[in-house]
Structures are given as C-alpha cells and as structure tokens.
Amino acid sequence: MTNTLLIIDPQNDFMDLENSTLPVSGAVEDMRKIVKKMKSVLFDNIVVTLDSHFEYDIAHSIFWKSKDGSHPKPFTVITSKDLIEGKWFPVDETKLPHCIKYLDQLNATGKYSLIIWPTHCIVNSWGHKVFSELREELKLWEEKLGKKVKYFDKGKNPLTEHYSAIKAEVVLKEDNRTDINKDLINSLKESDNVFIAGEAFTHCVYSTVRDLALILNEENKKPNLFIYENATSPVSGFEDKVIDIKKELEQLGVIFKQI
C-alpha cells in the first residue's frame, strides 16, 4: 500500500501570523499537526500545491475600478450585473467583454461569486513561501527518502480564479494551465491512499478535493481520498459552509478523519 500526503497551499499569507495578508484562523496549528504527523508516519510521496498570483489579478482590487477611479475594498463581491450597470469595470476596459462572460460562466458553476481578496501569495514574495516549520520538515523528508516533494502551482493567469489545484474555476481555452492538471492527477494516482490537509477548507481544499473526486469517480479509479479534518480550517466568515461542504465531499466518497 502506497500513501501520499497532499498538502494544499501551506503558504505564509494563509497563516495566522502578523504579516500575513489573508490569514486563516487555526492555520499555523494545522501546519504543526501536519509536521507532527510527518514525524510519526513516513509517507511514500508528498505533493504540495501553491497558490501563485500576481498583483494584477481578477480577484485583486487593482484589477477593478469604479466611475470615480476608486478600487473595490477586500471582500467586495462583483457580479455581471455590476458590470452591466457600470458600478465596477476593469481598469483595462478592453477586458470588459471577457469579464462579463467570465462572471456569467462563474455564476453558472454555482460554487463561488467573484470576491475581491486581499492581495495574497504574490509570486516570489514572503507570503508565497511555504510556512517555515513545514518547509523544514519537507526538507528532512527529502533527505530521508532520497526523493523530491512534488510542487504544483496554480493561479498565474490573472483572468480567472484558481481555487482548485485540478483546474481553474473558469477554464480559458487559450491557456492550458487553467485546464485539468493531468500531471498532478497522475502523480496522485500512483498511490493507494491520498491524505489531504492544508488551507483553506472552504475554498482551495474543497475545490481541489471535489474536482479530484469527480474525476476519479468518473474513471472508476482509486486512490482513496482522506481529509485530515482537524488539519484544515475555513476562511473567516465562511464557517457556515463547512457542514454542507463536508456532506458533499462525503457523498463523493471522501473520508474524513483526524490527523
């Protein structure tokens, strides 16, 4: 039996630390639980996903402006109606047709609205880096097994959101980075069991596991998927989504357990 540990977005900007831009309450403790587990269990493979953005991003405030030139505040929700009525529009106004179409497609998924997040996980910044205590344990794992941790980034196309490490919320035909990440899926298929932890449960963990489970179920393929439910935390303000998300994932065959 081969076992893989999948750690989703264990990055500084999601940690509940002083300098983090999008802290998830409980994230540091989640990371420390993962480290403790890695010290007691020698996983055969480790896969880490990394949220990877630029300042200019459809879910960051500088992408948008109002008629008076002001940018939306963090946690503002933008709808296609807002664009049609002129409440918000992209700073690069040539992107307006794309944005209207994008928001219609996003709404059709029924998963998320477009939320303006605090600018986070900017490539090459401190916030993009893996939490230091976990990073050190990943290094020790590599030394012990003589293997490398497999890293997969997501989110580098500024014209679509990318909560899931499997594919973007809206796939853009002109950019295959937004389509199904077959390399990631194939790396997980090598194992009998995949154990999952990371941040944040209501967004990137949920979306990644949901997409992965749907694909595996369609192909009638294993591995078995387990979520360490006490090593992942929700984004503040979205706690009421946890129960429904857990039920949905359980219906897809995902098993919840304690780390």
Side-chain angles (χ1 to χ4, degrees), residues 1-12 14-17 20 22-51 130-141 144-145 149-150 152 163-166 184-185 187-217 221-259:
M1 297 284 284
T2 56
N3 299 313
T4 291
L5 176 63
L6 171 59
I7 311 173
I8 296 173
D9 300 2
Q11 295 158 270
N12 286 329
F14 297 129
M15 298 300 109
D16 38 348
L17 298 170
S20 303
L22 187 49
V24 175
S25 180
V28 168
E29 184 60 28
D30 293 337
M31 296 302 110
R32 288 174 175 160
K33 289 176 182 176
I34 296 169
V35 169
K36 185 177 180 181
K37 190 70 174 180
M38 289 174 63
K39 290 181 182 298
S40 63
V41 175
L42 193 59
F43 291 94
D44 300 289
N45 302 289
I46 297 180
V47 175
V48 176
T49 70
L50 298 173
D51 209 30
V130 172
F131 179 61
S132 59
E133 294 173 34
L134 177 61
R135 188 169 69 245
E136 182 61 27
E137 194 62 31
L138 292 170
K139 175 185 173 183
L140 293 175
W141 180 88
K144 193 177 298 183
L145 267 74
V149 174
K150 296 177 182 177
F152 293 90
Y163 295 115
S164 170
I166 303 300
L184 171 55
I185 293 171
S187 73
L188 298 174
K189 284 181 181 178
E190 295 172 1
S191 293
D192 297 294
N193 304 300
V194 175
F195 298 89
I196 304 155
E199 307 308 333
F201 179 69
T202 46
H203 290 75
C204 296
V205 172
Y206 161 58
S207 288
T208 299
V209 177
R210 177 183 182 272
D211 287 346
L212 179 59
L214 286 169
I215 289 171
L216 293 176
N217 289 345
K221 295 279 182 67
K222 297 301 179 186
N224 302 303
L225 303 179
F226 300 87
I227 291 180
Y228 287 131
E229 62 181 318
N230 60 335
T232 179
S233 299
V235 174
S236 297
F238 291 84
E239 293 89 351
D240 61 333
K241 306 292 186 185
V242 169
I243 292 175
D244 287 342
I245 288 173
K246 184 175 179 180
K247 286 181 179 177
E248 180 182 356
L249 294 179
E250 285 178 330
Q251 288 172 354
L252 291 172
V254 178
I255 300 168
F256 285 79
K257 63 180 300 178
Q258 302 293 300
I259 198 165

Reported CD-to-CE distance for the pair Gln11 and Met31, which is rounded to 0.5 angstrom: 10.0 Å

Between Gly198 and Thr232, the two heavy atoms sitting closest are O-OG1, 2.7 Å

Return yes when atom CG of Leu42 has more than 12 non-hydrogen atoms of other residues, nucleotides or ligands closer than 6.0 Å, and no otherwise. yes

Can you find a heavy atom in the side chain of Ile196 that is under 4.5 Å from one in the side chain of Val254? no

Could you check if a side-chain atom of Val194 sits within less than 4.5 angstrom of a side-chain atom of Leu5, using non-hydrogen atoms only? no

Which distance, rounded to the nearest 0.5 Å, do you find between the CG of Leu249 and the CG of Leu225? 9.5 Å

Can you check whether Phe195 and Tyr228 have ring centres sitting under 6.0 Å from each other? yes

Listing request: all side-chain hydrogen bond (donor to acceptor under 3.5 Å, both in side chains) pairs with a residue in residues 35-44, at least two apart in sequence or in separate chains. Lys39-Glu137

Hey, does Phe43 have a side-chain heavy atom less than 4.5 Å from the side chain of Leu145? no

Keeping the roles fixed (side chain from Lys33, backbone from Asn230), state whether a donor-acceptor pair exists under 3.5 Å. yes

Using side chain to side chain contact (heavy atoms under 4.5 Å, CB included), reason through Val48 and Phe152 one step at a time and then give a plain yes or no. CA-CA 6 Å; Val48 176; Phe152 293 90; over 6 Å; no

Near Lys189 NZ, under 6.0 Å, is it more than 12 heavy atoms from other residues, nucleotides or ligands? yes

Any idea which heavy atoms bring Asp9 and Phe14 closest together, and the distance? O-CD1, 3.4 Å

With distance as the sole test, does Ser164 use its side chain to make a donor-acceptor pair with the main-chain N or O of Ile166 at under 3.5 Å? yes

Sequence neighbours excluded, which residues qualify as side chain to side chain donor-acceptor pair (under 3.5 Å) partners of Thr202? none

NZ/NE/NH1/NH2 to OD/OE distance under 4.0 Å, Arg32 and Glu133: yes

Distance-only polar pair, side chains of Ser233 and Asp30, donor-acceptor under 3.5 Å: yes

Is there a side-chain contact between Leu22 and Val24 (heavy atoms, below 4.5 Å)? no

Donor-acceptor contact below 3.5 Å, side chain Asn3 vs main chain Ser191: no

Gap between atom CG of Leu6 and atom CG of Asn45 - 0.5 Å precision: 11.5 Å

Measuring only between side-chain heavy atoms, which start at C-beta, is Val47 closer than 4.5 Å to Leu188? yes

Between Ile8 and Thr49, which heavy-atom pair has the shortest distance, and what is it? CA-OG1, 3.3 Å

Is a side-chain donor or acceptor of Glu199 paired with a backbone partner of Met15 at a separation under 3.5 angstrom? no

Within the side chain of Ser20, is there an N or O that forms a donor-acceptor pair under 3.5 Å with the backbone of Asn12? yes

Using a 3.5 Å distance criterion without hydrogens, assess whether the side chain of Glu229 forms a donor-acceptor pair with backbone atoms of Ile227. no

Spell out, as yes or no, whether a donor-acceptor pair under 3.5 Å connects the side chain of Ser187 to the backbone of Leu184. yes

Non-hydrogen atoms of Lys222 and Leu216 that approach each other most closely: O-CD2, 4.0 Å

Closest heavy-atom contact between Met38 and Leu134? SD-CD1, 3.9 Å

Could you walk me through whether His203 and Phe238 pass side chain to side chain contact (heavy atoms under 4.5 Å, CB included), step by step? CA-CA 9 Å; His203 290 75; Phe238 291 84; 3.7 Å; yes

Is the backbone N or O of Tyr163 less than 3.5 Å from a side-chain atom of Ser207, with the two atoms forming a donor-acceptor pair by type? no

Worked check of side chain to side chain contact (heavy atoms under 4.5 Å, CB included) between Arg210 and Glu248: CA-CA 8 Å; Arg210 177 183 182 272; Glu248 180 182 356; 2.8 Å; yes

Can you find a heavy atom in the side chain of Leu214 that is under 4.5 Å from one in the side chain of Leu252? yes

Glu136 meets the side chain to side chain donor-acceptor pair (under 3.5 Å) criterion, sequence neighbours left out, with none

Check for a donor-acceptor pair, side chain of Asn193 on one end and backbone N or O of Phe226 on the other, with a separation under 3.5 Å. no

Pairwise distance NZ(Lys144) to NZ(Lys139) - rounded to 0.5 angstrom: 13.5 Å

Keeping the roles fixed (side chain from Thr208, backbone from Ala165), state whether a donor-acceptor pair exists under 3.5 Å. yes

